[in-house]
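Structure record follows, encoded as structure tokens.
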Amino acid sequence: MLSNIFTGIFDTTGETVIAVPQFILCIVVSLMIGAFITWVYTYKSRYTASFAITLAMLPAVVCIVIMMVNGNVGAGVAVAGTFSLVRFRSVPGTAKEIGTIFLAMAAGLIAGMGYLGFAVLFSLIMGLVMLMLNITGFGTHKKATNDKTLKITIPEDLNYGEVFDDLFEQYLTRCEVIAVKTSNMGSLYKLTYHITLKDQKQEKKFIDELRCRNGNLEISIMQQEVNVNEL
């Protein structure tokens, strides 16, 4: 009985046409797999509704295509080429999104081949692994909250190359100049730094001392953004 679960429902020598009940069964299982993968992906993650809907339907779409080309090598090669040309999103996704898309496609491919048991087992294993990694925060930088973007406006007669060095050494573990630009007809300079604070609680004191150096001009500190379009 257990061995029959992991056999292909199309593994018969004389069958050339997929029966309607088998077709519906594959689609239903693929949709259930898609719903499960979508739930795992969206758990404690930022996502868009359009991506979640697409991810839920993707295994069923791949399943249908594979069923239609089952046994036809030429059609299979053509489908593989088509998949390589499809852009799933207008903007390049994160590594997590791309990996989840491949996971959904792999599950749909297995279901389309008729191995429904293996498709469900594969989705459960990979989904639980992804869920566990999300819960444990695997790969998350523990001190990411101390990584900030600092923007300082200074008058043109202030030498920004060294005027803040002692404060940076006192309050920061890392400081990197990202951009320097002029404004207000060249009378002001706007500096942008990527910094890492030694102690989050000292942020206000750090800003107050910077204000004493830049003539109480505009200063802003914000959470450092990670480029979501990069892997």
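Reckoned from all heavy atoms, side chains included, excluding hydrogens, waters and symmetry mates.
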Counting C-beta onward and ignoring hydrogens, is there a side-chain heavy-atom pair between Ile66 and Ile64 closer than 4.5 Å?
no
Please identify which of these residues, Glu203, Lys198, Gln202, meets the side chain to side chain donor-acceptor pair (under 3.5 Å) condition with Gln200.
Glu203
Assign the ring pair Tyr193 / Phe168 to parallel, tilted or perpendicular, where the plane angle (0 to 90°) is split at 30° and 60°.
perpendicular
Evaluate side-chain hydrogen bond (donor to acceptor under 3.5 Å, both in side chains) for Glu209 paired with Tyr171, printing each intermediate quantity in order.
CA-CA 11 Å; Glu209 296 201 29; Tyr171 291 99; 2.6 Å; yes
Contact check, side chains of Met32 and Ser30, non-hydrogen atoms, under 4.5 Å:
no
Minimum side-chain heavy-atom gap Tyr160-Val177 below 4.5 Å
no
Strictly below 4.0 Å, N to O, side chains only: are Lys205 and Asp208 in salt-bridge contact?
no
Heavy-atom distance under 4.5 Å between the side chains of Asn134 and Tyr41, does that happen here?
no
Contact between Leu188 and Leu217 at the side-chain level, heavy atoms closer than 4.5 Å - yes or no?
yes
Rounded to the nearest 0.5 Å, how far apart are OG1 of Thr38 and CG of Leu31?
10.0 Å
Does the pair Ile219 and Phe206 meet the rule for a side-chain contact (heavy atoms from CB on, under 4.5 Å), with working shown?
CA-CA 11 Å; Ile219 296 175; Phe206 176 52; over 6 Å; no
Do Val29 and Val120 have side chains that get closer than 4.5 Å, going by heavy atoms?
yes
Counting C-beta onward and ignoring hydrogens, is there a side-chain heavy-atom pair between Tyr189 and Lys181 closer than 4.5 Å?
no
Met130 side chain reached by Leu103 side chain, heavy atoms, under 4.5 Å
yes
Would you call Arg174 and Glu176 a salt bridge, using N to O less than 4.0 angstrom?
yes
Backbone N or O of Thr153 within a donor-acceptor pair of the Asn214 side chain at under 3.5 Å?
yes
